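One structure below.
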Amino acid sequence: YKVFEVMEETGVAPDVVTYNSLIDGLCKVMKVDEALKLFEEMGEKGCLPDVVTFNCLVGGFCRDKRIDEALELLQLMYERQCAPDAVTYTTLMDGLCKVGNVDEAQNLYQRMVKQNCMPTVVTYSVLIHGLCKESRMDEAYHIKKDMLTKGCRPDVVTYNAFINGLCKTGEVDKASQLLSEMFRRGRRPNVVSYNTLLDGLCKEHKVDDAKKLFKEMTVSGCAPDVITYNTLISGLCKSLRLTEAQNLLRDMEKQGIPVDVVTNNTIIDGLCKVNRVDEASELLRTMRGRNSPDVITYNTLIAGLCTHNKLQEAHVLLKEMLEKGYAPDSITYSSLVKGLCMATQDKDVHQLLKEMLEENSIPE
RNA sequence: UAUAGCUUUUCCUAACA
């Protein structure tokens, strides 16, 4: 904005690329309405929005789950004779998939084809990803066939979507096979491919296989990232193998990979699970700056405290959350409700519940 | 020079027992 103002002051006319960059930036930080203002301003200043302008806004609305408004923009594009391109349609299809409307995404795909707009590998991957998320693997395979007949080869992301789908439907073996297939087809798995499969293995309680795969990935020259570590740490924590998880923390430090909020949240959860709630609380206290706690941090610890019948402390944390401006969500409350239901010291529970209601710290 | 897709953390989650 500052540069933009200077440009205006010094009489350097912003062009469509200037506007587009700014609009996209605003959309990416969820300020779509502000972006929309700029969009209108462009029109007034005689700078015609182009397809990229529209695409950025469509993406902004989709990210904000405001699909109807995104579709209105598509309509506006037709009216203004600004032909939507593959990015427009793909962005919308992705938005539809992410709100759980894969069927509508497929309808839009048909429309795109009717308008003679060529789908790209991204278009297909979006559909495949949407279908895989819904465990509609057969339909996903069908799309893959379609794309191949049209001379469009699946890329790493396409494969990753399948790996994820297979893991989520409990077919980790098939997912592993797909990883091998990637090598054969000249599509080297990337760090996401490995992370996805690692998570699949962990969720099937095959943590040792995951550890093996972790070694394999480094051997094949794929560098682990913070998500790789988080995934493994989570798997180990779920299996109550805290020591190994903490070893991985050391490993991260050695590799120069900084931990993030997720890492800490995962460890907090792990500590709670093995009844080391005090250490978990201590960890929360160390979280500041770039690694400030988030709602999940609090939820995790509150759930841990509730599970171990430390309702007073959970209550204190709830108050802390509110004081610090974090908005408790349905998970916060269900943890607390569960804790209150299972509580063993009945008098205290009633007192606590009364307090919480009086503070308005829990909704009716 | 600007726009689209994949992975990790918190509560609950079937059936049977």
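Only a predicted model underlies this, so the values are computations on that prediction, with no experimental measurement involved. We name chains A, B, ... by the order of the sequence lines, and we start the count at 1 in each one.
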### Query
Looking only at atom types and distance, does a side-chain atom of A:Arg187 sit under 3.5 Å from a main-chain N or O of A:Pro154, one as donor and one as acceptor?
yes

The side chain to side chain donor-acceptor pair (under 3.5 Å) partner of A:Asn195 among A:Thr231, A:Asn230, A:Asp225, A:Asn160 is A:Asp225

- Query: Is a side-chain donor or acceptor of A:Tyr326 paired with a backbone partner of A:Pro293 at a separation under 3.5 angstrom?
  - Reply: yes

query: Is there a chain of hydrophobic side chains (I, L, V, M, F, W, Y, each step under 4.5 Å between heavy atoms) that links A:Val17 to A:Leu48?
result: no

Expected string for nucleotides 4-10 of chain B under the B/S/- scheme (protein heavy atoms, under 4.0 Å, primed atoms plus P, OP1, OP2 as sugar-phosphate) is BBBBBBB

Of all heavy-atom pairs linking A:Ala175 and A:Leu197, the shortest is CB-CD1, 3.7 Å

What residues 174-185 of chain A contributes to the RNA chain B interface at heavy-atom separation below 4.0 Å is none

Only pairs under 3.5 Å count here: list side-chain donor-acceptor contacts from residues 72-80 of chain A, not counting sequence neighbours, and write none if there are none.
from, atom 1, to, atom 2, distance (Å)
A:Tyr78, OH, A:Tyr89, OH, 2.8
A:Tyr78, OH, A:Arg111, NE, 3.4

Rounded to the nearest 0.5 Å, the CZ atom of A:Arg184 sits from the CG atom of A:Leu178 at a distance of 9.0 Å

Whole-Å distance, A:Asp50 CG to B:U1 C1', equals 13 Å

Exercise for review: Would you kindly say whether A:Asp269 and A:Thr266 are connected by a side-chain donor-acceptor distance under 3.5 Å?
Suggested key: no

In whole angstroms, the gap separating C1' of B:U3 from CG of A:Asp15 amounts to 15 Å

